[in-house]
Participant: 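Quick one: the structure is below, questions incoming.
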Number of protein chains: 2
Amino acid sequence: MAIQRRPLREQIREELLLRLDRGDFAAGKDINEVVLAAELGVSRTPLREALITLAGEGVLESNQGRGFRFAPVSSKEFRELCEIVAGLESLALELSDPDELREMAPELLRLARSFPDPVAEQSEIEWHDDEWHDLLLGKCPNERLLDLVTSVKAGMRRYTHLIAGEDTLLEREAEEHCRIAEHLRAGDVAAATAALRDNWVSGMERMTSRIPVTPEPA
Amino acid sequence: MAIQRRPLREQIREELLLRLDRGDFAAGKDINEVVLAAELGVSRTPLREALITLAGEGVLESNQGRGFRFAPVSSKEFRELCEIVAGLESLALELSDPDELREMAPELLRLARSFPDPVAEQSEIEWHDDEWHDLLLGKCPNERLLDLVTSVKAGMRRYTHLIAGEDTLLEREAEEHCRIAEHLRAGDVAAATAALRDNWVSGMERMTSRIPVTPEPA
DNA sequence: ACCTTGAATTATGAATACAGAATACATGAA
DNA sequence: TTCATGTATTCTGTATTCATAATTCAAGGT
């Protein structure tokens, strides 16, 4: 086995995103670098590097002299992110080879139908959903586009824990995934793209009601 | 006047992008942090922060233990970036208020026609082009999308200096801008969007021949 | 001659130290 | 009481230092 040596900043970034998924951090909360570094068992330097990366992805905000804080959530921003990801994933689909998409359709269908046990871990459910989208986009030859999608989705992680334990939402999601896959199996990429857009739009609408209004701290 | 206080990392980032526009750096070139920090008159810490940001935007690559280097240029990557920006700008246009776009059309036309003097500074010419696109997208209400466009375009700056002193290319560009603006004036956003896509595609084709093939360093 | 091996050098990744801005707090005047 | 002002404290932004991985180069063996 080739043992992995990755920069601390990347590991820290992932750990912070994980905690974000778990809802550990309150949106809008200021980050105390010394405390957080101690908690993670690293020094401030790689921690700050990770924070800067996350700020670049929109997960955090930074203000001169005031450090970093988790960007406050808002239904406006969530809508904006959904519009962006919908556009990017649609583009990725359009750039993919239609034949390869058709070949992959059965696998996509299978995965969409086998949604995880309702009592499964929240993290596992989210992972299942992510995996489906990753598989869908996997045939897109535009690597930069795929990286970009990953990065933008990181910025959406602040919202994912809000849907915890909502079975009906997940069923709708699975349903829509099936529809997309069926279009692909039929070789109709345009229809699949449209369905994918709808998937994000409806996901947006489903979520928008559960986003708390967070007043901007003075 | 409110005097500005901005983090060094941001100023460094901009300075590096400026130098990139000027073609100061060879693509694929390794960065020596100590040398560059001394050259800029700052310490390695804020420099590294800027480098990490730029790596996140795709301007640089980073390898464990090997530090940062300017990402090598390739026609494949340039094509990918053009596809992405075309998609994002089209999306921004579709999300804009059609009425506001129509109102802005005359200004866009004026600006497109008044392309700068052929003998103007290269940087000024590029700025002119950027300004036109910024104005075009300015009415889009999706702020995150606009930030994203800016970020992706930063990743394209490695290519801009390659078109230095190509008058014919610029005339084609201005021509296409006029066409887009005229569609908007007519209230036909869909046609304008299509023309915008074409603008990027043709820009891609025009450029692709002048991108040198850089063999991957071992 | 070519490849391997190991010491010396160089540069990065991470930790620590330091200076100054932002905040909190307390004291005093209106 | 309330507001203002000065002071102490906290935390960030930047510089410096330290440890170790990566590279270079030379010596020795095949």
Side-chain angles (χ1 to χ4, degrees), chain A residues 1-17 19 25-72 215-218, chain B residues 1-17 19 25-72 215-218:
Chain A
M1 144 202 183
I3 64 172
Q4 64 171 359
R5 291 191 23 78
R6 289 170 55 227
L8 279 184
R9 59 172 179 276
E10 289 183 16
Q11 301 181 45
I12 294 171
R13 170 178 171 277
E14 286 180 17
E15 175 63 26
L16 290 178
L17 284 176
R19 295 190 180 195
F25 301 114
K29 177 84 180 294
D30 283 346
I31 289 175
N32 185 317
E33 298 178 7
V34 177
V35 172
L36 186 53
E39 203 174 312
L40 295 170
V42 297
S43 77
R44 278 179 60 212
T45 307
L47 170 59
R48 278 178 61 85
E49 293 178 345
L51 295 179
I52 287 167
T53 302
L54 289 171
E57 294 174 325
V59 178
L60 302 177
E61 290 179 350
S62 78
N63 293 31
Q64 168 67 261
R66 224 160 299 178
F68 298 88
R69 68 171 190 178
F70 290 92
E216 187 73 11
Chain B
M1 144 203 183
I3 64 174
Q4 63 168 3
R5 289 190 27 75
R6 289 169 56 227
L8 278 185
R9 60 171 179 275
E10 290 183 15
Q11 300 181 47
I12 294 171
R13 172 178 170 278
E14 286 180 16
E15 175 62 27
L16 291 178
L17 284 176
R19 295 190 180 195
F25 302 113
K29 179 82 181 297
D30 282 347
I31 289 175
N32 185 316
E33 298 179 7
V34 177
V35 172
L36 187 53
E39 204 174 311
L40 296 170
V42 296
S43 78
R44 279 180 60 213
T45 308
L47 170 61
R48 278 178 61 86
E49 293 179 344
L51 295 178
I52 287 167
T53 302
L54 289 171
E57 294 174 325
V59 178
L60 303 176
E61 289 179 350
S62 79
N63 295 54
Q64 167 67 265
R66 224 160 299 177
F68 298 88
R69 68 170 189 177
F70 290 93
E216 188 72 12

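In what follows, chains carry the letters A, B, and so on, assigned in the order in which the sequence lines appear, proteins first and then strands, with residues in each chain numbered from 1.
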Participant: Check side-chain contact (heavy atoms from CB on, under 4.5 Å) between B/Asp30 and all other residues, then give those that pass, not counting sequence neighbours.
Facilitator: B/Arg69
Participant: Any side-chain heavy-atom pair from A/Pro7 and A/Glu49 closer than 4.5 angstrom?
Facilitator: no
Participant: Identify whether any heavy atom of B/Asn63 sits under 4.0 Å from a base atom; if not, whether one sits that close to sugar-phosphate; answer base, sugar-phosphate or nothing.
Facilitator: sugar-phosphate
Participant: Just do the side chain to side chain contact (heavy atoms under 4.5 Å, CB included) check on A/Leu60 and A/Ile52 with the steps written out, would you?
Facilitator: CA-CA 8 Å; A/Leu60 302 177; A/Ile52 287 167; over 6 Å; no
Participant: Taking side-chain contact (heavy atoms from CB on, under 4.5 Å) as the test, write out the residues that go with B/Gln11, two or more places apart.
Facilitator: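 For B/Gln11 the side-chain contact (heavy atoms from CB on, under 4.5 Å) partners, ignoring immediate neighbours, are B/Arg6, B/Leu8.
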Participant: Using side chain to side chain donor-acceptor pair (under 3.5 Å) as the criterion, list what pairs up with A/Glu57, not counting sequence neighbours.
Facilitator: A/Arg13
Participant: Find which nucleotide of DNA chain C each of B/Gln64 and A/Gln64 is nearest to by heavy atoms, and output the residue with the more 5' nucleotide.
Facilitator: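 Result: B/Gln64.
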Participant: Any side-chain heavy atom of B/Leu16 within less than 4.5 Å of one from B/Val59?
Facilitator: no
Participant: Reading DNA chain D in the 5' to 3' direction, which nucleotide is the first one with an atom under 4.0 Å from a heavy atom of chain B, and which is the last?
Facilitator: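 The contacted stretch runs from D/dT14 to D/dT23.
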Participant: Using a heavy-atom distance cut-off of less than 4.0 Å, which residues of residues 38-51 of chain A contact DNA chain D?
Facilitator: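 A/Arg44, A/Arg48 - these, ordered by number, are the residues of the stretch whose heavy atoms sit under 4.0 Å from the strand.
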Participant: Taking side chain as C-beta onward, heavy atoms only, is A/Leu51 less than 4.5 Å from A/Ile12?
Facilitator: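 SC-SC contact between A/Leu51 and A/Ile12 ruled out.
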Participant: For B/Asn32 and B/Val34, which heavy atoms make the closest approach, and how far apart are they?
Facilitator: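 That closest heavy-atom pairing would be OD1-N, 3.1 Å.
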Participant: Provide the start and end nucleotides, 5' to 3', of the part of DNA chain C that has atoms under 4.0 Å from heavy atoms of chain A.
Facilitator: C/dA14 to C/dT23
Participant: Scan residues 38-60 of chain B for pairs that pass ring pair (Phe, Tyr, Trp, His ring centres under 6.0 Å), counting only residues two or more places apart or in two chains.
Facilitator: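 Residue pairs with at least one partner in residues 38-60 of chain B: there are none.
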Participant: Let me test you: for the helix from C/dA1-D/dT30 to C/dA30-D/dT1, what is the angle between the axes at its two ends (five pairs each), rounded to 10 degrees?
Facilitator: 10°
Participant: Could you name each residue pair satisfying salt bridge (charged side-chain N to carboxylate O under 4.0 Å, His left out) that touches residues 32-43 of chain B, not counting sequence neighbours?
Facilitator: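 Qualifying pairs: B/Arg19-B/Glu39, B/Glu33-B/Arg44, B/Glu33-B/Arg48.
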Participant: Does A/Glu61 reach the main-chain N or O of A/Ala71 with its side chain, forming a donor-acceptor pair under 3.5 Å?
Facilitator: no
Participant: I need the full list of ring pair (Phe, Tyr, Trp, His ring centres under 6.0 Å) pairs touching residues 35-70 of chain B, with sequence neighbours left out, sorted by first then second residue.
Facilitator: B/Phe25-B/Phe70
Participant: Examine distances only and state if a side-chain atom of A/Asn63 and a backbone atom of A/Arg66 form a donor-acceptor pair shorter than 3.5 Å.
Facilitator: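 Pair absent, no side-chain N/O of A/Asn63 close to backbone of A/Arg66.
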